[in-house]
Amino acid sequence: MTRFAGMASGSYYWPEGLLAEQLISGLASRSDRKQQALSEGQRLLSSYRRPYGGSERAAVLVDDRSGDVLAAALVHRSCGKNSSSTGCLDDQHAVLSVFLRPGFDRAKAQPLVAWSRQVPESLQGGEGVGEKIATTEYVVMDAASTTARPIVRPNKAFPAQVPLYPKALIYGTAQDALSDAKARRVLRLQTVDTPEQVLAFYKQLSPPLKDMESDLDGRNGFIAGSRNGLSFSVNTTVPRDMPAITNIEVEVSE
């Protein structure tokens with residue numbers, strides 16, 4: 001999934017987050033997982049996002065021979081940017097977002113469209129009532145979509161001389177949860193790269209970090225040191241329930 005989505009991001013289940021994480025989240029419910037063999041050696045895998053009863057769900061088209069994801073889809077309620085003020089779509093209106101591997105014909109993604117119309121029982125109402133796909137959108141996962149964009153530091157007080165891992169996305173929901181005092185010296189990011197890759201970036205800085213310390217133990221790692229007279233640390237964590245994602249916290253020492 002991370003090879004397919006790269007560093008693509010968007011607002012589907014929550015505001016501006018990694019697409020790979022949202023797709024994996026949409027497949028999380030073990031009890032609701034289904035698979036369907038298709039023609040041309042393809043398979044459709046689908047499930048729901050816990051615990052939303054199918055109102056948020058995902059499916060992927062997989063090449064059985066290579067294991068590669070050819071296309072993926074999210075059914076969601078646009079609970080992303082501005083949803084706190086405008087609200088999510090109701091149970092009768094959903095958005096289908098379909099993501100295509102470059103060169104994969106949109107017409108071949110029809111099984112995903114058909115899947116989206118199989119409304120979960122919890123969302124089925126009486127005649128004329130129930131979930132409808134109000135909008136369908138298609139996105140080609142080309143380099144413009146999957147390549148990391150330059151990080152825009154939301155906090156001007158966070159020192160510009162502290163390097164941020166370039167292939168990452170600021171984790172907005174976590175950043176918002178920080179107290180004002182801590183937000184001035186901490187940035188939280190996410191990436192689909194491994195902790196080893198993150199720590200290697202900081203170890204290879206030029207000029208190198210002074211008084212550098214580093215360790216990696218299972219899911220957790222850190223590196224600390226000083227640069228241009230400023231001390232900071234970088235902590236990496238791989239969540240137990242999302243092993244494809246690495247959370248990064250960069251903190252300037254007080």
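Nothing fancy with the numbering, it's 1 onward along the sequence.
Under a cutoff of 6.0 Å and an axis angle of 45°, Arg106 and Tyr138 form a cation-pi pair.
In the displayed structure, Asp105 atom CG is contacted under 6.0 Å by more than 12 heavy atoms of other residues, nucleotides or ligands.
Checked by atom type and distance alone, the side chain of Arg153 pairs as donor or acceptor with a backbone atom of Pro159 at under 3.5 Å. Ser233 contributes no side-chain N or O that, together with a main-chain N or O of Ser253, makes up a donor-acceptor pair within less than 3.5 Å. Without hydrogens or angle criteria, Arg57 side chain to Ser116 main chain gives a donor-acceptor distance under 3.5 Å. In this structure, Arg50 contributes its side chain and Ala28 its backbone to a donor-acceptor pair below 3.5 Å. Between the side chain of Thr246 and the backbone N or O of Asp193 there is at least one donor-acceptor pair closer than 3.5 Å. Checked by atom type and distance alone, the side chain of Gln161 never pairs as donor or acceptor with a backbone atom of Asn228 at under 3.5 Å. Between the side chain of Arg49 and the backbone N or O of Ala58, no donor-acceptor pair lies under 3.5 Å. Formation of a donor-acceptor pair under 3.5 Å by the Gln22 side chain with backbone atoms of Gly10 is found in this model. Here the side chain of Arg43 pairs no donor or acceptor atom with the backbone of Gln35 at under 3.5 angstrom.
Counting heavy atoms from C-beta on, the side chains of Leu96 and Val98 come closer than 4.5 Å. Using a 4.5 Å cut-off on side-chain heavy atoms (C-beta onward), Phe99 and Thr146 make no contact. In this structure, Arg188 and Asn247 have side chains that are not in contact, with every pair of non-hydrogen atoms separated by 4.5 Å or more. For the pair Val139 and Leu100, the minimum side-chain heavy-atom distance is 4.5 Å or more. In this structure the side chain of Val95 never reaches within 4.5 angstrom of the side chain of Tyr12, judged on heavy atoms.
Closest heavy-atom contact between Leu112 and Ala59: CD2-CB, 3.7 Å. The shortest non-hydrogen separation linking Ala168 to Ala148 is N-CB, 4.3 Å. In this structure, Ser55 and Arg77 approach most closely via the heavy-atom pair O-NH1, 2.8 Å. Contact detail for Asp68 and Arg101: the closest heavy-atom pair is CB-NH2, 3.7 Å. Contact detail for Leu44 and Pro111: the closest heavy-atom pair is CD1-O, 3.6 Å. Smallest separation of non-hydrogen atoms from Met7 and Thr147: CB-C, 4.2 Å.
Grouping Ile, Leu, Val, Met, Phe, Trp and Tyr residues whose side-chain heavy atoms lie under 4.5 Å apart, directly or via other members, leaves Phe222 alone, with no other cluster members.
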CA sep, side-chain torsions, deciding dist, call: Arg219, Arg240, side chain to side chain contact (heavy atoms under 4.5 Å, CB included)
CA-CA 8 Å; Arg219 298 184 304 110; Arg240 290 187 183 276; 3.4 Å; yes
Derivation and outcome, side chain to side chain contact (heavy atoms under 4.5 Å, CB included), residues Leu74 and Tyr13
CA-CA 9 Å; Leu74 293 173; Tyr13 296 152; 3.3 Å; yes
Could you go through Leu38 and Leu61, starting from their C-alpha distance and side-chain angles, then the distance that decides it, and tell me whether this counts as side chain to side chain contact (heavy atoms under 4.5 Å, CB included)?
CA-CA 9 Å; Leu38 304 173; Leu61 278 179; 3.3 Å; yes
Applying side chain to side chain contact (heavy atoms under 4.5 Å, CB included) to Leu45 and Arg33, what does each step give before you reach the verdict?
CA-CA 7 Å; Leu45 308 175; Arg33 285 180 188 160; over 6 Å; no
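Taken to the nearest 0.5 Å, the OG1 atom of Thr236 stands 11.0 Å off from the CD atom of Glu249. To the nearest 0.5 Å, the span separating CZ on Phe158 from CZ on Arg185 amounts to 10.5 Å. Atoms OH and CD, on Tyr171 and Glu21 in that order, are 5.5 Å from each other to the nearest 0.5 Å. In this structure, NZ on Lys34 lies 7.0 Å from CD on Gln118, to the nearest 0.5 angstrom. Note that the CZ atom of Arg117 and the CD1 atom of Ile133 stand 8.0 Å from one another [nearest 0.5 Å]. For the atom pair CG of Asp215 and CG of Asn235, the computed distance is 11.0 Å after rounding to the nearest 0.5 Å.
Connection of Leu18 to Met141 is established within a shared hydrophobic cluster, with ILVMFWY side chains joined at heavy-atom distances below 4.5 Å, either directly or through further cluster members. Note: the hydrophobic cluster containing Ile24 also contains Val62 (ILVMFWY, side chain heavy atoms under 4.5 Å, direct or indirect links). Hydrophobic clustering of Ile, Leu, Val, Met, Phe, Trp and Tyr side chains at less than 4.5 Å, counting indirect connections, unites Val69 with Leu23. Linking Ile, Leu, Val, Met, Phe, Trp and Tyr residues whenever their side-chain heavy atoms come within less than 4.5 Å places Ile170 and Val252 in a single cluster. Note on Val238: it does not cluster hydrophobically with Ile248, by side-chain heavy-atom contacts below 4.5 Å among ILVMFWY residues.
For the residue pair Glu16 / Ser9, a side-chain donor-acceptor distance below 3.5 Å is found, with atom types taken as modelled.
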For residues 196-207, tabulate all N or O donor-acceptor pairs below 3.5 Å that involve a side-chain atom, not counting sequence neighbours.
from	atom 1	to	atom 2	distance (Å)
Glu196	OE1	Thr194	OG1	3.4
Gln197	OE1	Thr194	N	2.8
Gln197	OE1	Thr194	OG1	3.3
Tyr202	OH	Pro163	O	2.9
Tyr202	OH	Tyr165	N	3.1

